[in-house]
Asker: 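Please find one structure pasted underneath; my questions will follow.
Keep in mind it's a predicted model, so treat the numbers as computed, not measured.
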Amino acid sequence: MRLKQRIGTVGLGLMGSSIATCMLAARHEVTSLVKDESEAEPARKRILGYLMELHDEGMLKESPETVAGRITITTNIADLVGHEVVIESITEDVEAKKAVYHALETVLSNTAIIGSNTSAIPVSVLQAGLWHPERLLGIHWAEPAHITRFMEVICGKDSDLKYAQRIVQLAESWGKEPSLLRKDIRGFITNRIMYAMLREAFNLVENGYATVEDVDRSLRNDLGYWITFAGPFRFMDLTGIPAYLTVMKDLFPDLDNRQTTPEMMEQLVAAGAKGVSNAHGFYPYTPESAEAWEKAFIDFSYDIRKLAEKYVQK
């Protein structure tokens with residue numbers, strides 16, 4: 001099989017490495033721009049580890065070492081000359097991202113697509129001041145990017161839809177099932193819906209209706225049971241639409257709509273909690289149990305992808 005076009009990336013942190021892995025596994029050559037040469041070797045090891053996982057799961061037929069050899073890691077932005085797609089994945093900071101785009105515009109062709117891996121920043125904000133804002137798109141990945149089928153492609157107010165449609169086609173070749181947002185909105189689809197759910201989850205816990213464990217248990221065994229198979233609109237089709245209207249009329253006025261962040265969350269973050277990454281979160285962890293949960297999440301991610309592929313959406 002012939003290799004596909006070379007794709008550029010900017011940033012090789014955890015998510016950036018996962019994105020590069022996705023491209024490599026899809027038979028692209030990859031050029032990755034990093035700020036410092038010291039980032040290169042840790043990123044290579046991380047990417048090789050991800051590729052070995054994919055191989056062990058039967059999702060990569062080539063040798064992981066061979067595939068890993070298709071990435072070029074550089075600190076020289078001029079090495080991205082000639083690339084028609086470049087995906088940025090650095091910190092969620094508007095000015096830092098815009099500095100990258102301005103630099104990219106000095107070396108890329110006028111029609112090369114620049115994709116921003118952002119989870120919440122409006123794309124229109126990132127487009128402001130660019131020479132060619134029409135080719136900048138939001139490309140929202142889910143972690144782990146090399147496993148999940150999720151992707152949102154977001155148009156800003158100045159985006160040309162033809163570039164978005166090109167990324168959607170490319171994404172399908174990466175093993176994704178992309179959604180296209182034709183208009184820019186903060187948080188896009190999944191984050192807007194998820195954070196509305198998180199707000200209500202905190203409301204239930206902070207006001208004594210249920211514990212953290214009870215909320216998690218209910219959502220895992222109800223929402224978690226069906227949402228990989230069907231999104232909310234398909235699920236209403238499957239289970240009878242009229243009943244949902246009846247519940248909406250009673251429930252919507254009673255749902256939490258606070259504009260401030262939950263006190264419980266503020267206190268937890270102030271205490272240094274990061275979750276399993278530092279064994280300090282909503283649940284108690286030992287270093288060993290935190291590591292076990294991280295491994296279980298990766299195993300589950302592979303399992304749920306295989307299950308989703310069994311029930312292809314039409």
Side-chain angles (χ1 to χ4, degrees), residues 1 4-5 7 9 13-28 30 46-47 49-62 64 67 85 87-89 113 115-120 123 137-155 163-182 187-195 197 219-220 222-235 237-238 294-314:
M1 292 176 63
K4 301 175 184 176
Q5 71 181 96
I7 289 181
T9 73
L14 290 177
M15 181 61 96
S17 296
S18 190
I19 290 171
T21 300
C22 178
M23 302 299 172
L24 291 166
R27 300 192 61 78
H28 291 278
V30 175
R46 196 158 46 239
I47 289 167
Y50 292 158
L51 290 168
M52 292 173 70
E53 286 177 7
L54 289 170
H55 188 268
D56 290 344
E57 292 291 332
M59 293 170 60
L60 182 69
K61 302 305 180 185
E62 294 179 89
V67 177
V85 177
I87 298 171
E88 164 272 315
S89 182
I113 297 172
S116 174
N117 174 39
T118 178
S119 58
V123 177
L137 302 164
I139 304 179
H140 182 201
W141 304 67
E143 197 169 358
H146 60 289
I147 304 174
T148 57
R149 290 175 58 76
F150 168 84
M151 178 175 287
E152 291 174 338
V153 179
I154 305 102
C155 293
Y163 293 122
Q165 290 168 336
R166 277 178 57 191
I167 291 296
V168 166
Q169 290 179 335
L170 262 179
E172 290 170 348
S173 76
W174 301 337
K176 303 301 179 187
E177 194 177 352
S179 299
L180 174 60
L181 280 83
R182 292 162 176 80
F188 320 134
I189 299 172
T190 54
N191 273 341
R192 291 186 71 87
I193 293 171
M194 183 178 75
Y195 278 86
M197 179 185 74
L219 289 177
R220 282 194 305 108
D222 185 6
L223 186 66
Y225 145 70
W226 57 263
I227 201 161
T228 294
F229 179 74
F233 295 106
R234 178 80 70 183
F235 190 67
D237 276 351
L238 289 166
E294 284 190 298
K295 182 182 184 304
F297 178 56
I298 296 299
D299 292 343
F300 175 79
S301 297
Y302 280 111
D303 287 344
I304 207 70
R305 176 182 176 127
K306 291 171 184 175
L307 181 63
E309 288 176 337
K310 183 178 177 181
Y311 296 95
V312 177
Q313 301 294 307
K314 297 295 185 183

Asker: Of the non-hydrogen atoms in Ser17 and Ile47, which two are nearest, and what is the gap between them?
Answerer: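 Smallest interatomic distance, heavy atoms only, reads O-CG1, 3.7 Å.
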Asker: Assess whether side chain to side chain donor-acceptor pair (under 3.5 Å) is satisfied between Glu88 and Ser116, documenting all intermediate values.
Answerer: CA-CA 5 Å; Glu88 164 272 315; Ser116 174; 2.9 Å; yes
Asker: Distance alone, cut at 3.5 Å: any donor-acceptor contact between the side chains of Ser119 and His140?
Answerer: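 Distance-only check fails for Ser119 and His140.
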Asker: Is any side-chain heavy atom of Gln5 closer than 4.5 Å to one of Leu170?
Answerer: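 The answer is yes, as the side chains (C-beta and beyond) meet within the 4.5 Å cut-off.
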Asker: Rounded to the nearest 0.5 Å, how far does OG of Ser173 lie from NZ of Lys4?
Answerer: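 Here the interatomic distance stands at 4.0 Å.
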Asker: Minimum heavy-atom separation for Cys155 and Leu180, please, with both atom names.
Answerer: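 Between these two residues, the closest heavy atoms are SG-CD1, 4.3 Å.
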Asker: Minimum heavy-atom separation for Leu60 to Leu51, with atom names?
Answerer: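 That closest heavy-atom pairing would be CD2-O, 3.5 Å.
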Asker: If I take atom CG from residue Leu181 and atom CZ from residue Phe188, how far apart are they, to the nearest 0.5 angstrom?
Answerer: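 One finds 7.5 Å between CG of Leu181 and CZ of Phe188.
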Asker: Hey, mind stepping through Phe229 and Leu238 against side-chain contact (heavy atoms from CB on, under 4.5 Å) and telling me if it holds?
Answerer: CA-CA 11 Å; Phe229 179 74; Leu238 289 166; 3.9 Å; yes
Asker: Is there side-chain contact between Met197 and Ile193, with heavy atoms separated by less than 4.5 Å?
Answerer: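 With C-beta onward as the side chain, the pair stays apart.
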Asker: What are the two closest heavy atoms between Ala142 and Thr148, and how far apart are they?
Answerer: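 The answer is O-OG1, 3.2 Å.
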Asker: Parallel, tilted or perpendicular: which one describes the rings of Trp174 and His28, with boundaries at 30° and 60°?
Answerer: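 Answer is perpendicular, since the angle exceeds 60°.
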Asker: Would a 4.5 Å heavy-atom cut-off, applied to side chains only, mark Ser301 and Glu143 as touching?
Answerer: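 The answer is no; the side chains never approach within 4.5 Å.
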Asker: Excluding sequence neighbours, so at least two apart, what forms side-chain contact (heavy atoms from CB on, under 4.5 Å) with Glu309?
Answerer: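 Here the qualifying residues are Arg149, Arg305.
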Asker: If you round to the nearest 0.5 Å, how far is CE of Met194 from CD1 of Ile189?
Answerer: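 Here the rounded value is 13.5 Å.
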Asker: Quick one: closest heavy-atom pair of Leu54 and Ala25, and the distance?
Answerer: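 Distance-wise, the nearest heavy atoms are CD1-CB, 4.0 Å.
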Asker: On a heavy-atom basis, which atom in Ile139 and which in Gly115 lie closest, and how many Å separate them?
Answerer: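 Closest pair (atom of Ile139, atom of Gly115, distance): CD1-CA, 3.7 Å.
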Asker: Do Arg27 and Glu62 come within less than 4.5 Å of each other through their side chains, counting heavy atoms only?
Answerer: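 Side chain of Arg27 against side chain of Glu62, heavy atoms only: contact under 4.5 Å found.
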Asker: For residues Glu172 and Pro178, determine if any side-chain heavy atom of one lies less than 4.5 Å from a side-chain heavy atom of the other.
Answerer: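 In short, these two side chains touch, coming nearer than 4.5 Å.
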Asker: Please tell me if the side chains of Trp141 and Cys22 come closer than 4.5 Å, counting only heavy atoms from C-beta onward.
Answerer: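 Sidechains of Cys22 and Trp141: in contact.
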Asker: Considering residues, nucleotides and ligands other than Phe235, do more than 12 of their heavy atoms fall under 6.0 Å from its CZ?
Answerer: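 Yes.
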Asker: Are there over 12 heavy-atom neighbours, none belonging to Met15, within less than 6.0 Å of that residue's CE?
Answerer: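 Result for CE/Met15: enclosed.
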Asker: Checking Thr21 now: which residues fulfil side-chain hydrogen bond (donor to acceptor under 3.5 Å, both in side chains) with it, not counting sequence neighbours?
Answerer: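 With sequence neighbours excluded, Thr21 shows a side-chain hydrogen bond (donor to acceptor under 3.5 Å, both in side chains) to no residue whatsoever.
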Asker: Mind checking whether Met23 and Ile87 have side chains closer than 4.5 Å, heavy atoms only?
Answerer: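 Yes, close enough: below the 4.5 Å cut-off.
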Asker: Looking at residues at least two apart in the chain, or sitting in another chain, which of them share a salt bridge (charged side-chain N to carboxylate O under 4.0 Å, His left out) with Lys310?
Answerer: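 Here no residue qualifies.
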Asker: Under the side-chain contact (heavy atoms from CB on, under 4.5 Å) criterion, do Thr9 and Val30 qualify, and how do the steps go?
Answerer: CA-CA 7 Å; Thr9 73; Val30 175; 4.1 Å; yes
Asker: Within the distance-only criterion (no hydrogens, no angle test), does the side chain of Ser18 pair as donor or acceptor with the backbone N or O of His146 below 3.5 angstrom?
Answerer: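 A pair under 3.5 Å: yes.
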Asker: Working to the nearest 0.5 Å, report the span between CG of Leu223 and OG1 of Thr228.
Answerer: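 It comes to 9.0 Å.
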Asker: Roughly how far, to the nearest 0.5 Å, is CD1 of Ile304 from CD1 of Ile227?
Answerer: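 Atom-to-atom, Ile227:CD1 and Ile304:CD1 are 11.0 Å apart.
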Asker: Would you say that Glu53 contacts Tyr302 through its side chain, given a criterion of any heavy-atom pair below 4.5 Å between the two side chains?
Answerer: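 Yes, their side chains come closer than 4.5 Å.
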